Trainee: 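Have a look at this one.
This one's a predicted model, so the numbers in the text were calculated from it and none came from an experiment.
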Amino acid sequence: MKTIKGPGIFLAQFMGDAAPFNNLPDICKWAAGLGYKGVQIPTWETRLIDLQKAAESKTYADEIKGIVNDAGLEITELSTHLQGQLVAVHPAFNELFDGFAPENLRGANNVKARTEWAVQQLKYAAKASANLGLNAHATFSGALLWPTVYPWPQRPAGLVETGFKELANRWLPILNEFDTHGVDVCYEVHPGEDLHDGISYERFLEATGNHARACLLYDPSHLVLQCLDYLAYIDIYHERIKAFHVKDAEFNPTGRSGVYGGYQGWVERPGRFRSLGDGQVDFKSVFSKLTQYNFSGWAVMEWECALKHPEDGAKEGAPFIASNIIRVTEKAFDDFAGTGADENFNRRILGL
């Protein structure tokens, strides 16, 4: 068995214009000072990393890796969540997601160009990950079917199959590129994505011909908010789980509101994300199951809390993760009582 690596921290919710969050060296020193050992780096802006440059220049990739290493950290994964979202966008959400794209690719006349840009971004991420010595990558799948997630109005026959076929067609060239570079694509199963639960992931996997690189980023918070069994999920999909977001959540339905939230904001809705230890996720069981199945990737905190200050969440996150990581044993607990054995001894015990 292998010990889970960590604690790591996803930098997306922390990077900004103010120091120390506005450049890679300083944000890495900040994270290391809190006790983190790894950073997951968002790539949709160049504040922390230039994705294209990291793909095209091994020298630049080595410089980025050196900056992180100099702070006493490792890069856990790169993230293309926003670019992955743009690989597939239903027209109803075109304007809402336009902000994820460069300004020159926004607008109704640029949808095709925006998609092509997103696909190229993912291909850059494959090469950049390889240049950085990484073997897993975090992203979203995008969504063509999400407006029909609830079957009213009735879905036309074949709609779901067509949707997943098209989604797979868009991702297959990307998955093949990642395969070329020996990197797994880890889809964060998430509401708003066509890959939002186990069944939808299975549909996508089938449509890709069970592509070896179509893997999973496990985040129990999104499963809690959908009332899924997030521990049984590990039992089912552990062979495909190659990345891990440690994020807490709570679901407290009332007589007035449940899973859908009544269009309320994050503070008021029954299901909301919380800082680590403030929600309902049984992380001791989560870490135990992942360890049982020999998950050897990083435990990366993603902070998204409607109540707590992000810097407090980050400060508390490192020791929380560290306390849940199980250093695996190298011997069985009852080895002291072993009597030794050989084939003849075993046969005598069985009366043979």
Side-chain angles (χ1 to χ4, degrees), residues 1-51 53-55 57-81 125 128-138 183-184 186 217 219 242-247 275-277 283 287 290-291 295-304 308-328:
M1 293 192 298
K2 299 178 181 178
T3 298
I4 295 172
K5 292 180 283 190
I9 184 171
F10 187 24
L11 297 177
Q13 286 82 12
F14 299 96
M15 65 179 181
D17 294 330
F21 308 109
N22 57 351
N23 63 78
L24 187 62
D26 288 345
I27 200 170
C28 283
K29 292 173 186 174
W30 166 79
L34 295 178
Y36 290 99
K37 297 181 179 180
V39 288
Q40 187 177 86
I41 302 178
T43 65
W44 45 84
E45 59 169 73
T46 57
R47 192 192 309 267
L48 302 183
I49 187 173
D50 185 320
L51 182 61
K53 193 172 180 181
S57 170
K58 183 64 165 62
T59 300
Y60 173 76
D62 288 341
E63 290 172 0
I64 292 294
K65 190 175 181 179
I67 290 170
V68 175
N69 292 164
D70 285 346
L73 303 171
E74 297 180 48
I75 301 173
T76 67
E77 301 93 8
L78 298 180
S79 156
T80 56
H81 282 79
S129 294
N131 283 344
L132 291 165
L134 306 175
N135 56 22
H137 179 73
V183 181
D184 292 321
C186 303
L217 185 160
D219 183 334
K242 303 296 183 180
F244 175 24
H245 271 176
V246 189
K247 191 169 72 175
S275 286
L276 293 182
F283 281 107
F287 276 82
L290 288 173
T291 301
F295 174 75
S296 59
W298 283 87
V300 177
M301 186 197 78
E302 182 182 23
W303 176 88
E304 289 181 347
K308 185 170 286 184
H309 193 284
E311 292 184 43
D312 292 337
K315 183 178 180 181
E316 296 169 0
F320 182 92
I321 293 173
S323 70
N324 278 283
I325 290 177
I326 299 168
R327 185 161 69 104
V328 299

Trainee: At their closest point, which heavy atom of Tyr36 faces which heavy atom of Ala314, and how far apart are they?
Mentor: OH-O, 2.6 Å
Trainee: How close do Pro310 and Phe14 get, heavy atom to heavy atom, and via which atoms?
Mentor: O-CE2, 3.4 Å
Trainee: What is the minimum heavy-atom distance between Glu77 and Ala136, and which atoms define it?
Mentor: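 In terms of heavy atoms, the two residues are closest at CG-O, 3.5 Å.
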Trainee: Nearest 0.5 Å please: distance from the CG atom of Leu217 over to the CZ atom of Phe244.
Mentor: 9.5 Å
Trainee: Show your reasoning for whether salt bridge (charged side-chain N to carboxylate O under 4.0 Å, His left out) applies to Lys5 and Glu74.
Mentor: CA-CA 10 Å; Lys5 292 180 283 190; Glu74 297 180 48; 5.6 Å; no
Trainee: Can Asp17 and Arg47 be counted as an ion pair, charged N to O under 4.0 angstrom?
Mentor: yes
Trainee: List the steps and the verdict of side-chain contact (heavy atoms from CB on, under 4.5 Å) for Leu134 and Val183.
Mentor: CA-CA 7 Å; Leu134 306 175; Val183 181; 5.7 Å; no
Trainee: To the nearest 0.5 Å, what is the distance between CG (Asn23) and CE (Met15)?
Mentor: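 Here the rounded value is 12.5 Å.
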Trainee: Can you tell me if Lys308 has over 12 outside heavy atoms packed within less than 6.0 Å of its NZ?
Mentor: yes
Trainee: Could you report the tightest heavy-atom contact between Gly38 and Leu73, atom names first, then the distance?
Mentor: N-CD2, 3.9 Å
Trainee: When you compare the side chain of Ile325 with that of Thr3, does any pair of heavy atoms fall below 4.5 Å?
Mentor: yes
Trainee: Between Ile49 and Tyr60, is any pair of side-chain heavy atoms under 4.5 Å apart?
Mentor: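 Yes. Closest side-chain heavy atoms under 4.5 Å.
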Trainee: Between His81 and Trp44, does the side-chain contact (heavy atoms from CB on, under 4.5 Å) criterion hold? Intermediate values first, please.
Mentor: CA-CA 8 Å; His81 282 79; Trp44 45 84; 4.0 Å; yes
Trainee: Return the CD1 to CG distance between Ile41 and Leu48, rounded to the nearest 0.5 Å.
Mentor: 6.5 Å
Trainee: So, Asn131 side chain and Ala55 main chain: donor-acceptor pair closer than 3.5 Å or not?
Mentor: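 Indeed, once roles are kept as given, a pair shorter than 3.5 Å links the two residues.
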Trainee: Does Ile4 form a side-chain contact (heavy atoms from CB on, under 4.5 Å) with Ile326? I'd like the steps, not just the answer.
Mentor: CA-CA 7 Å; Ile4 295 172; Ile326 299 168; over 6 Å; no
Trainee: To the nearest 0.5 Å, what is the distance between NZ on Lys29 and CG on Leu24?
Mentor: 10.5 Å
Trainee: Looking at Val328 and Lys2, what are the two nearest heavy atoms and their distance?
Mentor: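 Looking at all heavy atoms of both residues, the shortest contact is CG1-O, 3.3 Å.
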Trainee: Heavy atoms, side chains only, cut-off 4.5 Å: are Pro7 and Lys37 in contact?
Mentor: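 The answer is yes, as the side chains (C-beta and beyond) meet within the 4.5 Å cut-off.
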Trainee: Are Glu311 and Phe21 side-chain neighbours, meaning at least one heavy-atom pair lies under 4.5 Å?
Mentor: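 Answer yes - side chains close enough.
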Trainee: Roughly how far, to the nearest 0.5 Å, is OG of Ser79 from CD of Glu302?
Mentor: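 Spacing of CD (Glu302) from OG (Ser79) equals 8.5 Å.
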Trainee: Once rounded to the nearest 0.5 Å, what's the spacing between atom CD1 of Ile27 and atom CG of Leu11?
Mentor: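 So the CD1 of Ile27 and the CG of Leu11 are separated by 4.5 Å.
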Trainee: Give a yes or no on whether the backbone of Val300 and the side-chain of His245 come within a donor-acceptor separation of less than 3.5 Å.
Mentor: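 Such a contact is absent between His245 side chain and Val300 backbone.
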Trainee: Nearest heavy-atom pair of Gly8 and Ile321: which atoms, and what distance?
Mentor: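 Closest pair (atom of Gly8, atom of Ile321, distance): O-CD1, 4.0 Å.
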Trainee: Between Leu34 and Ile9, is any pair of side-chain heavy atoms under 4.5 Å apart?
Mentor: no
